[in-house]
Amino acid sequence: MSSSETVFLIDTGAGTVNTILLGHLCPDDYQFPADTEDKLALFAIFDGHGSALVAEHARKTLPKLLVNRPEFKAGDYETAIREAFFDEDKILLDKFLSDSIEPAVTGTTVALCFANLTKGVLVVGNLGDSHIVLAERDGSGNKPRNVQRLTKAHKPGQADEKARIKEAGGSTNTRTGTTRVGTLNMSRALGDLQYKNPVNTMDDDMTAKSKTAAVASPGDRGDFLSNEAHLARVNLSPDKRYVLVCSSDGVCDTTDEKALVTHIMKSSSNGERARDIAQNIVNSTAARIGSDNSTCIVVLMDGTKT
């Protein structure tokens, strides 16, 4: 297995940094089991809000947390991803309790895709509103088939999320015209510990400065903002060609997914590299009036080869 990896960042300059991790993972850098011969890849989007601290921390920490989970080594990638998200918040809680309020008042979405190309398995976990789309390429390579969003948007205005927040002792508001938990327009994320147990059960004087949205007494509060991942698994065929697109809401909320995948396929057929296609998508969406941060990863797979 190759020990090379590629890591790059794209910052659109449009506010909080969006971070991309793109890598073919290796035993030395990510502490994979030494005897693995499988080809493995990890792709992730972290869209920070408040500051870049939690996004940057998760980008650096989550890969190691993931591969060190016993479930990962057993091939239970869904559980490994879910538990790695929990582990990341525990580390952020320790940081909050020891030296910084920032993990309580800032956070990040995450859309993470792990692929075992040897076994033909692709597993996705997400929190928030960054998304991952998978499509098959037809024989010509220009038209998408079976375009599917593998992630789920987590918004406080959704009936199931609103009910979960209420059950946890929290509330939603529409003061800005958008349904929010406190100041957040998402209902699941890493960080933002002010909306999670145990920080939201602490003395109200301590949490008031971070605008905790609480209606229940401290002893009755759960997680208003959840870190429970939405998970999806796809079995990849060695005989099919795929396009994988990971993007922040600055791209996925403003672009039709089928049209985006079609554009990528046509650009690829014209000889453009995946990284250049992704950069052009970022440039285009970030240039729109009123645009949000735009981040995009494009992965082209020939069967179970990238």
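The basis for the numbers below is simple: all heavy atoms, side chains too, and nothing from hydrogens, waters or symmetry mates.
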> Do other residues, nucleotides or ligands put more than 12 heavy atoms under 6.0 Å from Arg233 CZ?
Replying inline: yes
> To the nearest 0.5 Å, how far apart are CG in Asn126 and CG in Leu231?
Replying inline: 8.5 Å
>> Any carboxylate oxygen within less than 4.0 angstrom of a Lys/Arg side-chain nitrogen, looking at Arg149 and Glu257?
In response: yes
> Are Thr79 and Asp76 linked by a side-chain donor-acceptor pair shorter than 3.5 Å?
Replying inline: yes
> Is it the case that one hydrophobic cluster holds both Leu97 and Val54, taking links as side-chain heavy atoms less than 4.5 Å apart, direct or via other members?
Replying inline: yes
> Does any non-hydrogen side-chain atom of Pro156 lie less than 4.5 Å from one of Glu161?
Replying inline: no
> Can you name the closest pair of heavy atoms from Met186 and Thr109 and give their distance?
Replying inline: SD-CG2, 3.6 Å
> Lys143 versus Met265: any side-chain heavy-atom pair under 4.5 Å?
Replying inline: no
>> Before you tell me yes or no, could you show the steps for Tyr195 and Asn200 under side chain to side chain contact (heavy atoms under 4.5 Å, CB included), namely the whole-Å CA-CA distance, both residues' side-chain angles and the distance that decides it to 0.1 Å?
In response: CA-CA 6 Å; Tyr195 302 111; Asn200 65 359; 5.6 Å; no
> Say you draw a straight line from NE2 of His57 to CD of Glu102; how long is it, rounded to the nearest 0.5 Å?
Replying inline: 11.5 Å
>> Between Glu167 and Arg164, does any side-chain N to carboxylate O distance fall below 4.0 Å?
In response: no
> For Phe96 and Val199, which heavy atoms make the closest approach, and how far apart are they?
Replying inline: CE2-CG2, 3.7 Å
>> Going by the rule salt bridge (Lys or Arg N to Asp or Glu O under 4.0 Å), which residues pair with Glu71 if we only count those two or more places apart in sequence or in a different chain?
In response: Arg69
> Taking the side chain as C-beta and beyond, is there a heavy-atom pair between Ile81 and Leu112 under 4.5 Å?
Replying inline: yes
>> For Asn280, is there any backbone N or O sitting under 3.5 Å from a side-chain donor or acceptor partner on Ser284?
In response: no
> Excluding sequence neighbours, so at least two apart, what forms side chain to side chain contact (heavy atoms under 4.5 Å, CB included) with Thr255?
Replying inline: Val251, Leu260, Thr285, Arg288
> Is any side-chain heavy atom of His154 less than 4.5 Å from a side-chain heavy atom of Ser226?
Replying inline: no
>> Rounded to the nearest 0.5 Å, what separates atom CD1 in Ile277 from atom OG in Ser268?
In response: 5.0 Å
>> Can you confirm whether the side chains of Ser187 and Gln158 place a donor and an acceptor under 3.5 Å from each other?
In response: no
>> Suppose we screen for salt bridge (Lys or Arg N to Asp or Glu O under 4.0 Å). Which residues come up paired with Lys162, at least two apart in sequence or across chains?
In response: none
>> A side-chain contact here means heavy atoms from C-beta on lying under 4.5 Å apart; do Val105 and Asp192 qualify?
In response: no
>> Minimum heavy-atom separation for Pro63 and Ala58, please, with both atom names.
In response: CD-O, 4.0 Å
> Where do Phe46 and Ser130 land on the side chain to side chain contact (heavy atoms under 4.5 Å, CB included) test, with the steps shown first?
Replying inline: CA-CA 8 Å; Phe46 303 95; Ser130 294; over 6 Å; no
> Shortest non-hydrogen contact from Ala135 to Val261?
Replying inline: CB-CG1, 3.7 Å
>> Which residue in the set Asp253, Asp160, Asp129 passes salt bridge (Lys or Arg N to Asp or Glu O under 4.0 Å) when paired with Lys155?
In response: Asp129
> In Å and rounded to the nearest 0.5 Å, what is the OG to CG distance from Ser294 to Asn283?
Replying inline: 9.0 Å
> Between Arg188 and Asp223, is the closest basic N to carboxylate O distance under 4.0 Å?
Replying inline: no
> What are the two closest non-hydrogen atoms of His230 and Leu150, and how far apart are they?
Replying inline: NE2-O, 3.4 Å
>> Rounded to the nearest 0.5 Å, what separates atom CD1 in Ile264 from atom CD1 in Ile281?
In response: 4.0 Å
>> Using the rule given for ring pair (Phe, Tyr, Trp, His ring centres under 6.0 Å), can you reason through Phe43 versus Phe114, listing the C-alpha separation, both sets of side-chain angles and the distance that settles it, and then say yes or no?
In response: CA-CA 7 Å; Phe43 312 96; Phe114 169 78; 9.6 Å; no
>> Any non-hydrogen side-chain atom of Asn227 less than 4.5 Å from a side-chain atom of Lys196?
In response: yes
>> Using side-chain heavy atoms (C-beta onward) and a distance below 4.5 Å, is Asp47 in contact with Thr295?
In response: no
> Checking Thr201 side chain against Asn197 main chain: does a donor-acceptor pair fall under 3.5 Å?
Replying inline: no
>> Would you compute the distance between atom CG of Leu184 and atom OG1 of Thr179 and round it to the nearest 0.5 angstrom?
In response: 13.0 Å
> Heavy atoms, side chains only, cut-off 4.5 Å: are Ile91 and Thr61 in contact?
Replying inline: yes
>> Restricting to non-hydrogen atoms, name the atom on Thr118 and the atom on Lys39 that form the minimum distance, rounded to 0.1 Å.
In response: OG1-N, 2.7 Å
> Are Asp249 and His131 close enough that a side-chain donor and a side-chain acceptor fall under 3.5 Å?
Replying inline: no
